[in-house]
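Report on one structure; see the data block that follows.
Sequence lines set the chain letters: A, B, ... in the order given, protein chains first and strands last, and positions in each chain run from 1.
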Amino acid sequence: MKSFSYERASNAGQAAARAAEVPGAMFVAGGTNLLDLMKLEIETPRHLIDVNGLGLDKVEETEEGGLRLGALVSNTDLAADDRVRRDYPVLTRALVAGASGQLRNKATTAGNLLQRTRCPYFYDTAMPCNKRSPGEGCGALSEGAFSRQLGIIGTSDSCIATHPSDMAVALRVLDAVVETVTPSGATRRIPLEEFHQLPGDTPEKETALMDGELITSVVLPAPVGGKQAYYKARDRASYAFALVSVALIRQPDGSGRVALGGVAPKPWRRPEADAELPNGARAVMARLLDGARPTEENTFKITLAERTLASMLAEE
Amino acid sequence: MEFNKPADQNLFDRSKVVGKPHTRIDGPLKVSGQAPYAYERHDVVDGQLVGYPVGSTIAKGRITSMNTEAAKKAPGVKAVVTTLDIEPLGIWDYNAARLFGGDKVEHYHQAIAVVVAETFEQARAAAALIETSYDVEQAKFDLKSEFERLQGTGEPDTVGNFDEAFAAAPVTLDEVYTTPSESHAMMEPHASIVDWSDGGDMKLWTSNQMIEWGRQALAKIFSIDPDRISLESPYIGGGFGAKLWVCSDAVLAAVGSRAAGRPVKLAMPRPFVANNTTHRSATIQRIKIGAAEDGKITAISHEAASHTLLGGSGENAIAQTPYFYAGDNRYIIHHPVEMNLPEANAMRAPGETAGLMALEIAMDEMAEKLDMDPVEFRIANDTQIKPGNPMKPFSDRHFVECLRRGADAFGWADRNKTPGGQRDGNWLIGHGMAGAYRGAPTMKSGARVRLKDGSLTVETDMTDIGTGSYTILAQTAAETMGLPLEAVDVQLGKSSYPVSSGSGGQWGAASSTAGVYAACVALRQQIAERLGLEDPRFEGGNVVDGDMETALVDIAQGEELVAEDTMEFGDFKKNMVHATFGAHFVEVGVHAGTGETRVRRMLAACDAGRILNPITARSQVIGGMTMGTGGALSEELALDQGRGFFANHDLAGYEVAVHADIPHQEVIFLDTLDVSATPLKAKGVGELGLCGVAAAIANAAYNATGVRVRDYPVTLDKMIDKLPAI
């Protein structure tokens with residue numbers, strides 16, 4: 001770990017301004033991912049701005065009939081919120097499918113969105129990684145590499161990492177919007193769809209956030225109803241990242257929404273695939289995974305995604 | 001004392017303490033954080049510095065230069081020693097990897113430097129500043145192609161004529177199975193505090209299963225007199241064989257201590273457990289079985305390969321095959337393949353674990369071909385001698401009883417026999433079983449006992465790796481001396497205590513209790529002589545002879561009586577095969593959509609001699625079943641075949657079974673006594689629970705789905721294309 005300085009922020013706008021002003025500054029909240037990455041020197045912030053005191057830890061109802069989820073609401077509290085459980089059950093199911101009880105107690109809403117990939121080549125600093133060290137090459141794309149867990153779509157020749165979050169997959173299917181404050185004190189609303197970026201040839205740039213910009217909340221639109229489900233396929237029953245996960249909202253008329261986790265650098269959803277829901281899982285995946293570029297080791301994720309959705313649809 | 005003939009009726013057949021369910025006596029210390037593990041022994045020596053290792057980032061080659069300038073100048077740094085600074089250190093007899101010294105790199109994360117600083121953070125930060133240049137040499141990591149090249153070569157262990165018998169057999173099987181490399185992945189990584197400040201006597205506080213091996217190994221590694229070395233390892237946070245050896249934590253701490261002139265403590269970073277220390281090698285196994293229509297095996301061939309560093313032995317997956325099942329014609333061989341991967345060495349039930357993962361699927365497949373119940377097929381091929389050698393009987397074998405008792409208790413007869421034929425909602429339900437076999441060796445083991453004021457202290461360099469040694473040794477001493485359990489204090493894991501068997505190869509419990517028994521018998525003789533008695537009984541805290549009763553507390557009036565002895569095991573044991581046996585029964589659900597396999601219930605029936613303590617023994621068996629669940633379904637050290645390293649080198653990437661994976665577990669112990677095993681008629685049970693269980697799960701997954709997976713772990717990607725449409 002590199003030495004760093006530390007301050008506690010008491011105002012969101014000022015925190016953003018400080019983050020833009022102090023070289024090498026990063027925000028820290030739950031720290032469940034950042035501290036691990038700092039110990040491994042994958043992240044080497046020179047200054048930490050602790051945002052835990054900003055009071056952004058409430059779930060509030062919006063005028064539009066939705067919910068505003070504070071950036072600092074813990075994953076545990078969010079999953080247990082009565083309104084979330086009643087009106088957005090896909091979110092609760094996704095949250096409790098993630099990590100472990102202990103981690104969910106510390107992990108926050110904003111931090112969950114900002115967690116880094118779990119690609120083993122990103123984690124081993126002796127390995128080349130374009131995301132960690134731009135221009136170094138991709139260890140996961142070389143001959144004989146271990147790529148079973150990695151992405152099959154939305155990836156590029158420079159990076160095939162996935163975004164590991166479960167929560168974000170549910171937020172994507174709920175059309176959530178990220179609210180931020182910028183260093184100049186302005187606020188911004190970023191639809192989750194646009195929040196995470198595809199790697200292209202800049203895999204180090206993962207989100208639409210500008211330098212210093214701080215997430216203050218995530219807004220859920222008014223409840224859309226329907227039958228909501230989240231299924232996470234994995235090698236062990238708990239404390240494992242998804243091989244494939246499926247967030248599903250299905251209306252009584254057969255229409256609905258589908259998003260996938262574990263397959264792409266962002267929660268993966270396409271409107272044209274949603275439109276195929278009445279025609280079944282195969283039709284959905286033909287659109288949703290059109291253009292997939294799996295490795296030999298993770299081709300199975302295409303079949304797995306289709307069969308997972310098919311079994312969810314068959315459950316009714 | 002020498003155990004040189006089978007045990008007669010003895011005090012353990014009338015036991016009051018041994019064999020009774022006592023909770024572990026060290027439990028309260030552990031759950032309250034008062035049992036100090038190696039890295040926490042802050043009070044044993046003043047002035048401790050912290051070491052941090054640097055590992056090679058290539059698998060094979062030579063180091064051309066190392067720049068340590070920045071590291072040496074970093075805050076708090078007291079010493080930096082690189083592998084180029086010293087001559088290659090020695091390699092101990094049972095190891096293959098060189099732990100430090102010289103410019104040659106033989107595997108990824110081989111230790112190449114140690115940084116010593118005032119704090120952990122300073123040492124770690126400075127270690128990251130060292131720059132290393134290499135001449136990289138190409139290496140191959142493809143076990144499959146090596147196996148293809150080696151098949152049919154070498155000098156097999158043969159009985160009869162396998163080829164002829166196999167060709168003549170009406171029912172045959174010929175399949176290839178693979179098991180992946182596995183990591184011990186114990187909770188406590190390797191850790192040591194070493195004081196070698198003045199280069200004189202070397203003192204270690206470490207985490208090691210075999211104290212005397214450790215002393216001898218360090219002596220050879222550093223070319224110093226073993227009598228100058230002392231080790232302590234009273235508590236061990238899991239070992240599973242990874243701590244049978246001195247590893248680079250101890251060596252780097254010693255080197256660092258010598259350089260800094262102060263004691264140094266060093267714990268392995270988690271990735272080093274996978275790539276610096278030992279692991280279980282991957283295996284490829286081709287098994288051929290021929291049988292008559294009645295199910296009698298006539299021919300069996302088991303040819304396996306595993307990887308190893310030069311001079312090592314890999315994973316001997318054929319270990320059980322010469323013994324477990326009958327058959328007059330046999331061809332058995334293991335090919336160790338040299339590969340620049342971290343050292344492959346013993347991990348819990350080395351050999352049998354990987355071997356039975358394959359053999360017990362093959363047995364399931366043969367039973368199906370023969371249209372026999374897999375339990376009955378195994379019963380039909382039971383043997384009471386080593387096949388092909390009538391002069392070599394099993395000392396005590398109740399495998400058939402394990403199969404029958406287990407099947408009854410599990411409700412095996414009521415299962416659905418048609419693969420893919422039972423469903424519960426989204427889950428396809430399947431049942432599978434497998435046999436378990438593991439050798440039951442004993443090793444010479446010594447102890448010392450001290451009696452003062454009616455309290456007994458047991459001292460032996462035996463270790464407790466979470467197995468319950470403290471408790472069963474206290475029970476043994478209490479039984480032999482006629483004392484209550486509370487009157488016995490057990491002290492373990494110091495090299496100043498008499499040399500014991502140590503913990504490994506599931507020999508620890510049987511051997512070390514025999515050693516404590518020997519020391520107690522010596523004390524009894526001393527007391528008898530003191531009282532002028534011929535052969536008194538020791539019971540209820542008293543020495544009893546006819547009408548005379550003397551309380552042990554009154555015998556020496558404040559004086560301490562000390563006795564020491566070592567149990568040695570006589571040659572008569574070599575005329576027979578000592579082993580433990582079991583049968584595993586498992587119910588799984590396989591998700592009809594995703595192909596995820598989850599265990600729903602599991603049962604093991606075990607024949608392992610006298611069970612010294614049903615609580616700690618059960619704990620060992622269910623621990624083995626849990627480890628086997630990981631081995632069956634999720635554990636795999638993922639090899640990057642291009643670079644030659646295990647890529648998933650942390651506990652997020654290397655998926656051991658978690659609580660949610662483990663359902664109801666049931667263990668049945670047969671009440672067997674192996675009179676030629678030890679005076680206590682006991683055998684080990686710590687590894688038996690792991691043997692065969694993975695195959696029982698794989699067989700259950702087949703029964704659930706009709707999809708046969710022969711490559712472990714049985715993950716969904718290996719069956720998803722073959723599952724029925726939804």
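Proximity to chain B is limited to the side chain of Ser142(A), based on heavy atoms less than 4.5 angstrom apart. If you measure heavy-atom distances from Glu143(A) to chain B, the contacts under 4.5 Å come from the backbone alone. For Val714(B), no part lies near chain A; criterion is any non-hydrogen pair under 4.5 Å. Neither the backbone nor the side chain of Ile662(B) has a heavy atom closer than 4.5 Å to any heavy atom of chain A. Of the two parts of Asn426(B), only the side chain, counted from C-beta on, holds a non-hydrogen atom closer than 4.5 Å to a non-hydrogen atom of chain A. For Leu309(A), no part lies near chain B; criterion is any non-hydrogen pair under 4.5 Å. With a threshold of 4.5 angstrom between heavy atoms, Leu723(B) approaches chain A through its backbone and through its side chain.
Ranked by heavy-atom pairs under 4.5 Å with chain B, the first of Glu41(A), Lys39(A), Glu306(A) is Lys39(A). Among the candidates Leu651(B), Thr57(B), Thr594(B), Ile58(B), the residue making the largest number of heavy-atom pairs closer than 4.5 Å to chain A is Thr594(B). Heavy-atom pairs under 4.5 Å with chain A were tallied for Glu121(B), Gln122(B), Gln641(B), Arg598(B); the largest tally goes to Arg598(B). Contact tally against chain A (heavy-atom pairs below 4.5 Å) for Gly653(B), Ala647(B), Gly595(B), Ala657(B): the top residue is Ala647(B). Chosen from Ala725(B), Pro269(B), Pro724(B), the residue pairing most often with chain A at heavy-atom distances under 4.5 Å is Pro724(B).
With sequence neighbours excluded, no residue forms a salt bridge (Lys or Arg N to Asp or Glu O under 4.0 Å) with Asp650(B). Partners of His279(B) under the ring pair (Phe, Tyr, Trp, His ring centres under 6.0 Å) rule, at least two apart in sequence or in another chain, are His307(B), Phe646(B). Evaluation of the salt bridge (Lys or Arg N to Asp or Glu O under 4.0 Å) rule for Arg270(B) yields no partner, not counting sequence neighbours.
In this structure, His591(B) has its ring center closer than 6.0 angstrom to the ring center of Tyr231(A).
The two residues Leu716(B) and Ala233(A) come nearest to each other via the heavy atoms CD2-CB, 4.5 Å. Residues Ser311(A) and Gly593(B) come closest through the heavy atom pair CB-CA, 4.1 Å.
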side-chain contact (heavy atoms from CB on, under 4.5 Å) between Phe146(A) and Arg643(B), intermediate numbers included | CA-CA 10 Å; Phe146(A) 170 57; Arg643(B) 299 182 179 83; over 6 Å; no
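The OG atom of Ser100(A) lies 12.0 Å from the NE2 atom of His659(B); values are rounded to the nearest 0.5 Å.
Within the 3.5 Å criterion, the main-chain N or O of Ala652(B) finds no donor-acceptor partner in the side chain of Arg118(A). Under the 3.5 Å distance criterion, the side-chain polar atoms of Arg307(A) are left unmatched by any main-chain donor or acceptor of Ile726(B). In this structure, the side chain of Asp661(B) does not engage the main chain of Arg236(A) through any donor-acceptor pair within 3.5 Å. With hydrogens and angles disregarded, a donor-acceptor distance shorter than 3.5 Å links the side chain of Glu596(B) to the backbone of Arg234(A).
His649(B) places none of its side-chain heavy atoms less than 4.5 Å from the side chain of Tyr123(A). At a threshold of 4.5 Å between non-hydrogen side-chain atoms, the residues Pro120(A) and Asn648(B) do not count as touching.
Atom NZ of Lys718(B) sits in a crowded spot, with more than 12 heavy atoms from other residues, nucleotides or ligands closer than 6.0 Å. For Arg423(B), the CZ atom is densely surrounded, since the number of other residues' heavy atoms within 6.0 Å is greater than 12. The number of heavy atoms from other shown groups lying within 6.0 Å of CZ (Arg600(B)) is above 12.
Heavy-atom proximity under 4.5 angstrom to chain B picks out Phe300(A), Thr303(A) from residues 295-303 of chain A.
A donor atom on one side chain and an acceptor atom on the other are found under 3.5 Å apart for Asp124(A) and Tyr108(B).
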